Amino acid sequence: MNNSTIPKRDNFSSTSTFVDLLRQRAMLQPDRLAFTFTASDETIGTLTYSELDRWARAIAAHLQKTVVPDTRALLIFQPGLAFIAAYFGCLYARVVAVPAYPPRRNQTLERLQSIVQNAEVQSLLTTAGLAERMQGQVASSELFEQLNWVSVDGNLQAIADDWQPLEIRSETLAFLQYTSGSTGNPKGVMISHGNLLHNSQLINACFGDTPDSTGVSWLPPYHDMGLIGGILQPIYVGAPTVLMSPLDFLQKPIRWLQAISKHRATTSGGPNFAYDLCVRRVTPDQLASLDLSSWRVAFNGAEPVRSETLKAFSEKFAPCGFQSAAHYPCYGMAETTLMVTGGHRDKPPTTGVFDTAALEQNRVAETLYQSGRTLVSCGLGQLDQTIRIVNPETSASCASDEIGEIWVAGPSVAQGYWHQETESRATFQAYLSDSNEGPFLRTGDLGFLRDDQLYVVGRLKDLIIIRGQNYYPQDIELTIERSHPDLKAGAGAVFTIPVNGEERIVVVQEVERSALRSLDVKDVVGRIREAISAEYTLRSYMVVLVKPGSIPKTSSGKIRRRACRNSLFDGSLAVINDWSEIPSETTKFKALEADISNMLRNFSVKHH
């Protein structure tokens, strides 16, 4: 796609940073509505461009009096308008924002402390109410006592005019996006102003939004999809957006669809599980109140996009005016700011049926048989983003019929990981061994290109290899969740452990809350084992049923399989019951202690 196909935003295309962009909107469109925040379908507050600009200048003025530019500030907020003002306050003061989600009550501060230490945070921005609540949690932490605490909803507005503009260049860091740790410990991805603007341009080229568009977002603002897609992108386009809390959505998924219907939204989306949740939880009676005919871009990213999900959602909500062509699978990650590839707007998603046996051998072969695996394309590379499929062991380019690691190059690729030079070189400075082309970002994702369309098949570090065959855990997890109605969808983890020199399958699966009292463990475990055997000819070594909400996940809903494996073996998972080929009558997992110790020892050697 060349630049001539990018939708016209308005007359702000000459801006070089988001500070310039918001300042111009505040001057030329002061009363235009930017954001509306709702809770339980009630409007809690609104922000025009001028109101947001003034609030941001006030926060920036305070920061300029208390910290020096380019230091880091931790942003701890519940979803809402104050977070947006704080984020832009940091940009205005040339302070590097570090968004993080608030610690839950009785939750350890280990992750937050590691972020504060790694980022060398000097300030903590939050609201007065949240600051008061957090005081008890951080009372024993010297790290938090030493920070400059700023309540952004305090009496700051009077000093907005004290703000002094600073020089901000394309390479200036805008914020650190700490990865949610689906395959390892959180790392601070360094996102520059240039990264943000290029990725916003890329998203605009894909989605085609204009100032006449309307967005709805329930996505967490401390996650890249929620921050960039749900907050920064609407400002880039000039389109009003309705925001809601992720908790409101998770408690009642109908609220998301009601917001789209009520506000005639054109653009909204989330990970695959969000669409599954709507299919399962929205009742027939609720369908009658929905009008989804305005929804033009239903983006779907951050985890594998399933054709079954797209079909089920389209069928259920077609009576509400939802058009299947609105489904918009895409691919990206924090290390690429947000988005890498996207499909054709107003066209149905591209899918292909591929031979399962070939996929298990890292080969790509289309088939006409229904027994093949249907994969959904995540679209095309956009705006001078380069994509290569590479053998992860040799760093050589893969043939067109081979599965390999997805490598990406382009202006949206981030600057590396904060204070992790070795990890940054390994991840962000990769070169092809056969052509020396580079540098590339190694995504850690496996996939292939077919007709220039990118198909993502799984995570390299989660790949299961048994007897020389490749198995993708998300496929087995889908088979498991469908094997019994008492199992919770999107809440299972499959991984392996070494047993007598052989990798064996372990299943950890949440059950539905409604099934806890009447759960027939023997029947559930039996069906799980039968489904895995029938579909993949694999024997399960251990099946562990756990309580709802106990599987470790990232903020975007990805299963943290390695964290789940560690939690299982250190006893921190909420286990309901378990089955193993080697049962123990006295202590859970006692018969596996030797193998587990060996596994953890190997894991420590490989990853530290």
Side-chain angles (χ1 to χ4, degrees), residues 1 206 272 275 299-301 303-315 324-332 340-382 385-394 396-408 434 443-460 462-479 482 531-532 534-538:
M1 177 178 292
C206 291
N272 195 81
Y275 297 89
F299 59 86
N300 186 331
E303 61 181 10
V305 180
R306 302 190 185 280
S307 62
E308 300 91 343
T309 297
L310 305 185
K311 181 180 178 182
F313 191 90
S314 294
E315 290 177 349
S324 60
H327 280 303
Y328 194 92
C330 47
Y331 170 71
V340 175
T341 65
H344 294 286
R345 188 186 177 191
D346 298 326
K347 291 185 179 180
T350 300
T351 61
V353 181
F354 299 91
D355 183 80
T356 303
L359 292 174
E360 291 172 358
Q361 295 294 329
N362 265 356
R363 293 187 299 104
V364 181
E366 292 187 77
T367 180
L368 297 177
Y369 295 105
Q370 291 184 347
S371 59
R373 181 178 165 196
T374 301
L375 298 176
V376 180
S377 161
C378 289
L380 305 162
Q382 307 280 1
Q385 295 275 88
T386 302
I387 299 173
R388 296 285 184 266
I389 305 299
V390 182
N391 184 308
E393 296 180 359
T394 67
S397 300
C398 287
S400 60
D401 64 346
E402 289 181 324
I403 293 173
E405 185 180 9
I406 301 167
W407 288 18
V408 179
D434 50 346
T443 68
D445 288 319
L446 294 168
F448 61 91
L449 291 168
R450 178 58 55 99
D451 299 325
D452 292 327
Q453 300 269 340
L454 178 65
Y455 292 82
V456 182
V457 297
R459 289 289 295 171
L460 177 61
D462 288 336
L463 183 66
I464 293 172
I465 304 176
I466 297 178
R467 297 186 298 275
Q469 303 290 317
N470 293 340
Y471 300 92
Y472 299 97
Q474 68 269 18
D475 296 335
I476 304 176
E477 290 157 5
L478 181 63
T479 298
R482 293 177 172 177
I532 294 174
E535 186 76 18
Y536 305 99
T537 323
L538 293 173

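Every heavy atom of this structure was used, including side-chain atoms; hydrogens, water molecules and symmetry mates were not. Computed from a prediction, not measured in an experiment: that's the story for all the values here. Counting from 1, the numbers follow the sequence of the chain as shown.
Among all heavy-atom pairs drawn from Gly447 and Ile406, the shortest one is N-CG1, 3.9 Å. Between Pro349 and Ser324 the shortest heavy-atom distance is CD-O, 4.0 Å. Taking each heavy atom of Phe354 and Arg450 in turn, the nearest pair found is CE2-NH1, 4.4 Å. Residues Arg388 and Thr386 approach most closely at NH1-CG2, 3.3 Å, considering heavy atoms. When all heavy atoms of Leu454 and Leu449 are compared, the closest pair comes out as CA-CD2, 3.8 Å. Considering all non-hydrogen atoms of both residues, Ile387 and Val340 come closest at CD1-CG1, 4.0 Å.
Between the CD1 atom of Ile476 and the CG atom of Leu538 there is a distance of 5.5 Å, given to the nearest 0.5 Å. The line from CD of Gln469 to CG of Asn362 is 10.0 Å long, rounded to the nearest 0.5 Å. Going from atom CD1 of Ile389 over to atom OG of Ser397 covers 10.0 Å, rounded to the nearest 0.5 Å. With values rounded to the nearest 0.5 angstrom, Tyr328 atom OH is found 12.0 Å from Lys347 atom NZ.
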Can Leu478 and Glu308 be said to form a side chain to side chain contact (heavy atoms under 4.5 Å, CB included), step by step?
CA-CA 10 Å; Leu478 181 63; Glu308 300 91 343; 4.2 Å; yes
Let's go through Asp445 and Arg459 carefully: what are the C-alpha distance in whole Å and the side-chain angles of both, what is the deciding distance for side chain to side chain contact (heavy atoms under 4.5 Å, CB included) to 0.1 Å, and is it a yes or a no?
CA-CA 4 Å; Asp445 288 319; Arg459 289 289 295 171; 2.8 Å; yes
Passes side chain to side chain contact (heavy atoms under 4.5 Å, CB included), Leu375 versus Phe448? Steps please.
CA-CA 11 Å; Leu375 298 176; Phe448 61 91; 3.8 Å; yes
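Of the candidates Ile403, Val457, Asn470, Leu463 forms a side-chain contact (heavy atoms from CB on, under 4.5 Å) with just one, namely Asn470.
Judged by distance alone, with hydrogens and angles left aside, the side-chain atoms of Glu402 form no donor-acceptor pair with the main-chain N or O of Val390 at under 3.5 Å. The backbone N or O of Thr367 lies less than 3.5 Å from no partner atom in the side chain of Asp355, so there is not a single donor-acceptor pair. Checked by atom type and distance alone, the side chain of Glu405 pairs as donor or acceptor with a backbone atom of Gly444 at under 3.5 Å. Proximity of a side-chain donor or acceptor of Tyr471 to a complementary backbone N or O of Glu360 within less than 3.5 Å is not detected. Listed for the Asp401 side chain is no donor-acceptor partner under 3.5 Å among the backbone atoms of Arg363. A donor-acceptor pair under 3.5 Å links the side-chain atoms of Thr341 to the main chain of Cys378, judged by distance alone.
Considering only heavy atoms from C-beta on, Val376 stays 4.5 Å or farther from Asn300 through its side chain.
For Ser377, the side-chain contact (heavy atoms from CB on, under 4.5 Å) criterion is met by Thr350, Gln453, Tyr455, not counting sequence neighbours. A search for side-chain contact (heavy atoms from CB on, under 4.5 Å) contacts involving Asp475 returns Arg306, Arg373, Tyr472, Tyr536, not counting sequence neighbours.
When the shell of 6.0 Å around CG of Asp452 is examined, it contains 12 or fewer heavy atoms from other residues, nucleotides or ligands.
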